[in-house]
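One structure is given below, encoded as structure tokens.
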Amino acid sequence: VQTVDFFTPIVDDPFDWGRIAAANALSDVYAMGGTPLTALSIVGWPRDELPLDLLADVQRGSAEVLVEAECTLIGGHSIDDREPKFGLAVTGIVDPERMMTNQAARPGDRLVLTKPLGTGLISTAIKRDRATSEQIEAAVLVMTTLNRAAADAARTIGVQAATDVTGFGLLGHLGEMVAASGVGARIDHRWVPLLPGVEALAEGGVVPGGTGRNLTSVGEFTRFGDLAEPLRTVLADAQTSGGLLFAVGPDRCDDLIAALGEAGTPAAAVIGEIVDGEGIEVE
């Protein structure tokens, strides 16, 4: 299996940016139940405007996460670019008999989320100097946490349906899952874990452009009822290095929650279920 992901800085610290970029790039492999083997770095750098020492810090952060993932950096490519960009192309392996896909959700499955939402909102707050130290610390911790332990727990339990929650937000990626599986979904917003203060950020208009576009897009297949606009925004927030979303049979759900708890994932929340029908209903 192969994947690629890169982006411009979302935090001020270059070392943390490298860590986040690496964890984010590895996530797609984990979402399939795979094991990353090798990575190639992708770099765009304004060499006449930013010192290469900063790039070295980015690379060090990335290398730290790759070591944790037992994934080998074997090379890469860099170009002179007016705006800094960094990421990885990752190659891994997966057992076809144990692969997790977004096409395997079935009515009755419980939806389990492994990280809280809100990294897009907090990243925007950082850029606007509106984020608190608590929010920055919490977001960086979440974004630098590998989805490896969550994927390992799911494989042990025998989960077959999964997706990672990244740029399209929780509702966008869940929408892809239900469409691919030919089912619908129901989630309870009260059960969805959130990073500190993100609802207030949404209410205050500290919203990234991608999140706004997501909210418009998911409105085509999501029934929000009387849910307030800030909460709708949080549920559509464009995540960086977000968690995994599993659809697991009710007979295995408790075992999965226990395994995620033992693995120490940032969250292990049952946020809803798969139902007959189509689209998503938010309660």
Side-chain angles (χ1 to χ4, degrees), residues 1 3 23-24 26-36 92 94-119 142-143 145-194 218 222 235 237 239 241-276 279-283:
V1 291
T3 185
N24 181 71
L26 292 162
S27 186
D28 275 338
V29 175
Y30 292 131
M32 291 181 277
T35 300
V94 64
D95 181 347
E97 299 299 321
R98 303 177 69 190
M99 181 182 291
M100 296 185 292
T101 76
N102 67 355
Q103 303 175 5
R106 300 293 179 263
D109 285 353
R110 304 300 189 257
L111 291 167
V112 178
L113 183 63
T114 67
K115 287 185 181 182
L117 302 181
T119 59
V142 163
M143 290 188 289
T145 299
L146 288 175
N147 282 322
R148 177 182 184 177
D152 288 346
R155 280 198 301 265
T156 300
I157 302 304
V159 174
Q160 294 182 313
T163 183
D164 59 339
V165 179
T166 52
F168 294 141
L170 171 65
L171 294 177
H173 289 285
L174 177 56
E176 290 181 331
M177 176 182 282
V178 298
S181 301
V183 296
R186 182 186 301 119
I187 64 174
D188 190 324
H189 76 274
R190 298 169 298 178
W191 300 343
V192 179
L194 306 178
V218 302
T222 305
L235 295 178
D237 187 35
Q239 302 299 281
S241 191
L244 299 184
L245 178 66
F246 300 118
V248 57
D251 57 327
R252 299 183 181 184
C253 185
D254 288 345
D255 290 338
L256 176 60
I257 296 299
L260 292 173
E262 291 178 8
T265 56
V270 181
I271 64 169
E273 64 181 337
I274 298 295
V275 297
D276 288 315
I280 303 169
E281 181 178 354
V282 180
E283 299 176 343

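Both backbone and side-chain heavy atoms feed into the values below; hydrogens, waters and symmetry mates do not. Throughout, residue positions are numbered sequentially from 1 according to the sequence presented.
Gln239 places a side-chain heavy atom less than 4.5 Å from the side chain of Leu117. The side-chain heavy atoms of Val142 and Pro116, taken from C-beta on, include a pair separated by under 4.5 Å. Residues Ser181 and Ile274 form no side-chain contact, since every pair of their non-hydrogen atoms from C-beta on lies 4.5 Å or further apart. A heavy-atom distance below 4.5 Å is not found between the side chains of Met32 and Met100. You'll find the side chain of Leu146 reaches within 4.5 Å of the side chain of Tyr30, heavy atoms only.
The shortest non-hydrogen separation linking Gly272 to Trp191 is N-CE3, 4.2 Å. In terms of heavy atoms, Gly108 sits closest to Pro250 at O-CD, 3.4 Å. Residues Gln160 and Ala104 approach most closely at O-CB, 3.7 Å, considering heavy atoms. The heavy-atom pair separating Ala267 from Thr265 by the smallest distance is O-OG1, 2.8 Å. Summarising the geometry of Met177 relative to Ala161, their closest heavy-atom pair is CE-C, 4.2 Å, with the distance given to 0.1 Å. Closest approach of Lys115 to Ser241, counting heavy atoms only: NZ-O, 2.9 Å.
Remark: the backbone N or O of Gly175 is not paired with any side-chain donor or acceptor of Asn102 at under 3.5 angstrom. A donor-acceptor pair under 3.5 Å links the side-chain atoms of Arg252 to the main chain of Gly158, judged by distance alone. A distance-only check finds a donor-acceptor pair linking the side chain of Arg155 to the backbone of Gly33 [under 3.5 Å]. At least one donor-acceptor pair under 3.5 Å links the side chain of Thr114 to the backbone N or O of Leu244. Side-chain atoms of Thr101 come within 3.5 Å of backbone N or O of Gln103 as a donor-acceptor pair.
Note that CZ of Arg190 and CG of Asp188 are 4.0 Å apart. Values are rounded to the nearest 0.5 Å. Taken to the nearest 0.5 Å, the CG atom of Asp109 stands 7.5 Å off from the CG atom of Leu111. In this structure, the separation between CD on Glu273 and CD1 on Ile187 is 11.5 Å, given to the nearest 0.5 Å. Here CD1 of Ile271 is found 5.0 Å from CG of Leu113. Values are rounded to the nearest 0.5 Å. Within the model, atoms CG of Asp255 and CD1 of Ile157 stand 5.0 Å from one another, a figure rounded to the nearest 0.5 Å. Atom OG1 of Thr35 and atom CG of Leu26 lie 11.0 Å apart (nearest 0.5 Å).
For the side-chain contact (heavy atoms from CB on, under 4.5 Å) with His173, the qualifying choice from Leu245, Val218, Thr166 is Thr166, the only one to do so. The only member of Asp237, Val165, Leu235 that meets side-chain contact (heavy atoms from CB on, under 4.5 Å) when paired with Leu171 is Leu235.
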